[in-house]
Structures are given as C-alpha cells and as structure tokens.
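Numbering of ligands and ligand atoms starts at 1, following listing order. Along the sequence shown, residues are numbered consecutively beginning with 1.
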Amino acid sequence: MAEREIREIPDPVLRTKCDPIGEVDDGVRGLVADLLDTVDQEGRAGLAANQIGVSLAAFSWHVDDEVGYVINPKLVELSEETEEQEEGCLSVPGLWYPTVRSRYARVEGTDLEGNPVTVEGTGIMARCLQHEMDHLAGKLFLDRLERGVRARAMRELRERL
Ligand code: ZN
C-alpha cells in the first residue's frame, strides 16, 4: 500500500469520533497497511486512522523500532501514577507541550483476523497508547494541557494558522 498524507488541524476529521470496525474487508486491510507504512518513518511514534482521513477505530505505533497496529482498541488499564513530558502530534506539526499522562497503559483490541491483541507499556509506549486512544475519540493532546500551557498553545496555534 502506501504512505498517506497526514491530516492537520483544523481538519474536522480529527474532531470526529471514530466508528468501530465491523467486517474486515479489503478496505480495512488497506487501511491497516497504510497505517503501518505511514507510521514507519523517523520521528513517528503513533498514528490513528482519522489522521489519514478515515474515521474508523484503528491505530498503528512505532516505538523502540517496533511497528504494530490494533483495531477496535479499548483502553483497559491506566496507572494512577502519572508523569509529565513534552508531547507532540503529527497533526499539530512542530508544537510540543508538557502533557501529563499515566505512566503505564494497556490497550486491548484485535488484529485483522479477529485474534485478541494486547499492547501495553510504560514511558513512550504508554504515552503513545493514550495519545492514539484520544485521537479515536476525536480528541487531541492539546485538550489535555494544563491551563497556562493550553493558553500558550492556543496563542501559538493562532499565530500559525
Ligand atoms: Zn497525534
């Protein structure tokens, strides 16, 4: 398949909640192939389907040189312990802000054959899982920023758009 163009704010598809995937057909198989091809680039950690313009519940990741995907993911566990780190988004290019996330996250979904898939981790993987689950819900990391940081982000975005 192919690397796809990444949608950037204020594209409304990024604010649209993704629909669950029912039957896996060639369209869904092609979507997964494109998610994998598009995330497999230097500096890309995760990619949700709506970031390439498809409002379906699937995302891919690229963490520690490993690339993978999950469809119909659900966030099943988050640690109470949190950590704050600079976070960015391919759909909000060039802007990074300190963002609080749980230190550990676990996501469960399926692969294209309907087999169960569990993805979990701490650090960058945990951050990636939470970030991509937000995308599928039509949210952006900008929504998670603390007040002062968010005000700065909104100002910097206005200057840019
Ligand atoms: Zn993102």
State the NZ-CG distance between K139 and L14, to the nearest 0.5 angstrom.
14.5 Å
The criterion is salt bridge (Lys or Arg N to Asp or Glu O under 4.0 Å); which residues satisfy it with R106, sequence neighbours excluded?
E77, E108
Partner of R101 under side chain to side chain donor-acceptor pair (under 3.5 Å), picked from Q130, E87, Q85, E84, is E87
Would you say the side chain of E120 lies within less than 4.5 Å of the side chain of V107, judging by non-hydrogen atoms?
no
When C18 is tested against each of V54, N72, L56, N50 for side chain to side chain contact (heavy atoms under 4.5 Å, CB included), which residue passes?
N50
If you look at every heavy atom in L145 and A153, which pair is closest and at what distance?
CD1-CB, 3.7 Å
May I ask you to list the protein N, O or S atoms found at less than 2.8 Å from the Zn ion (ligand 1)?
C89 SG, H131 NE2, H135 NE2
